[in-house]
Amino acid sequence: MDRREQLYEGKAKKVFATDDPELLIVSYKDDATAFNGKKRGTIAGKGIINNRMSNHLMQRLEKAGVPTHFVRELSGRETLVKRVRIVPLEVIVRNISAGSFCKRYGFPEGVRFGEPTVEYSYKNDALDDPLICVPHILAMQLATREEIATIERYALTADRELSAFWAARGVTLVDFKLEFGRLPDGSIVLADEISPDTCRLWDTATGKKLDKDRFRQDLGGVEDAYAEIMGRLMSGS
Ligand code: UDP
C-alpha cells in the first residue's frame with residue numbers, strides 16, 4: 001500500500017491518503033508536545049515505540065471484543081488504518097488519581113479508586129479540550145446516547161484488558177485516553193493510539209513513571225523510560 005498525499009499533520013503523527021479511499025497511512029513522529037502544544041520537544045525513537053506498542057495493544061483489544069481502526073503495520077513508524085470520522089471527544093479512564101484529576105480537585109496523587117472512572121473532554125485545541133458532561137455532548141450532538149454507551153463499554157473493556165496486560169509485566173496502568181471514530185456504516189471503532197504518550201504507566205515495584213509525564217514534568221530519562229516500557233511490553237507473551 002503506497003502513500004499518496006499528506007492529509008493532515010498533528011502533534012505526534014502525520015496522516016496520508018492511499019489508493020483506497022477507506023484506508024489511511026499513519027506515520028508516527030518523534031515530536032512531543034505537552035500542555036496543548038505550549039511545551040515542545042523531541043523524544044528520540046518515540047515514533048517507532050508508539051507505533052509498535054499501539055498496534056500490539058489494539059490487536060489485543062480486538063481479540064477482547066473492542067473493534068479498532070488497525071489494519072496492518074507497514075514499517076517501524078507506519079501503519080495502515082481504516083479511515084474514520086473522529087468523534088470529537090477524548091475518553092479518559094482512570095484507575096488511580098493523577099494529573100488533571102488531582103489538580104482540579106486538590107486531591108493527592110496515587111490513590112486507587114474503588115472502580116474505574118470514565119470522563120470526556122471536548123476535543124477542541126482553541127478551548128484547551130475542556131471537560132464535558134454527557135448532557136452537553138448530547139446537546140451539541142457530538143455523539144448519540146447509544147454511541148456514548150458503546151464508547152463507555154469499549155473504554156471499560158480496554159481498561160480491564162490493558163490493566164491485566166500491564167500488571168503481568170510489572171506495570172500499573174494509572175489512567176489513559178482513548179479516541180473513537182465512525183466507520184462509513186456508522187459503527188464505532190477505537191482509533192488514534194495507545195502509547196506512553198496517552199497512558200500513565202508506573203513501575204509497580206518502584207512507582208517510577210514510565211510515560212510522557214517524564215517529559216511533561218522534566219523528570220529526565222525520557223528516552224530510557226520509553227525504551228524500558230517497550231521492553232516490558234515485549235517481555236510477556
Ligand atoms: N491524555 C492524553 N491527551 C490529552 C490529555 C490527556 O493522552 O490531551 C492522557 C494522559 O496521558 C493521561 C490521561 O489522558 O494518561 C489523563 O490525563 P489528565 O486528564 O490527567 O490530563 P494531564 O495531566 O495529561 O493534563
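The figures here come from the full heavy-atom set of this structure, side chains too, leaving out hydrogens, waters and symmetry mates. Atoms within each ligand, like the ligands themselves, are counted from 1 in listed order.
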What residue pairs, at least two apart or across chains, pass ring pair (Phe, Tyr, Trp, His ring centres under 6.0 Å) with a residue in residues 169-203? none
Less than 3.5 Å apart, any donor N or O on the side chain of Thr42 or Asp30 sitting next to an acceptor on the other? no
Scan side-chain atoms only and decide if Asp129 and Asn36 contain a donor-acceptor pair under the 3.5 Å cut-off. no
Kindly give the heavy-atom pair with the smallest separation between Gly65 and Tyr154, and that separation in Å. O-CE2, 3.9 Å
If you count the atoms of ligand 1 from 1 in the order shown, which ones are under 4.0 Å from a heavy atom of Gly99? 20 (O), 23 (O)
Pair Lys11 + Asp31, salt bridge at N-O below 4.0 Å: no
So, is the end of the Lys46 side chain (NZ or CZ) under 6.0 Å from the ring centre of Tyr28 and within 45° of the ring's axis? no
Residue-ligand contact Asp211/ligand 1, heavy atom below 4.0 Å: no
Nearest non-hydrogen protein atom to atom 15 (O) of ligand 1, with distance, is Asp175 OD1, 2.6 Å
Evaluating non-hydrogen atoms only, which member of Glu119, Lys212, Arg200 is closest to atom 24 (O) of ligand 1? Arg200
Indicate, as side chain, backbone, both or neither, the part of Arg216 found under 4.0 angstrom from ligand 1 when only non-hydrogen atoms are considered. side chain
Would you check whether Lys103 reaches within less than 4.0 Å of ligand 1, judged by its heavy atoms? no
Taking atom 2 (C) of ligand 1 as the reference point, the nearest protein heavy atom with its distance: Lys177 CE, 3.5 Å
Before accepting this row, confirm whether a basic side-chain N of the pair Glu147/Arg182 lies closer than 4.0 Å to the acidic partner's carboxylate O. yes
Which of the atoms in ligand 1, numbered in the order shown and given with their element, are less than 4.0 Å from a heavy-atom of Ile92? 16 (C), 19 (O)
Atoms in ligand 1 flagged as close to Phe176, the criterion being non-hydrogen separation under 4.0 Å: 14 (O), 15 (O)
among protein heavy atoms, the one nearest atom 4 (C) of ligand 1 is Glu90 OE1, 3.4 Å
Under 4.0 Å between heavy atoms, the region of Cys199 that gets near ligand 1 turns out to be backbone
Protein contact to atom 20 (O) of ligand 1 [nearest heavy atom, distance to 0.1 Å]: Ser100 N, 2.8 Å
Check which hydrophobic residues are tied to Val71 through side-chain heavy-atom contacts below 4.5 Å, counting indirect links as well, and list them. Met1, Phe16, Leu23, Ile25, Leu74, Leu80
Take Glu73 and Thr79 through the side chain to side chain donor-acceptor pair (under 3.5 Å) test and state the conclusion after the steps. CA-CA 4 Å; Glu73 190 167 286; Thr79 294; 4.8 Å; no
How does Asp197 reach ligand 1, by side chain, by backbone, by both or by neither, if only non-hydrogen atoms under 4.0 Å count? backbone
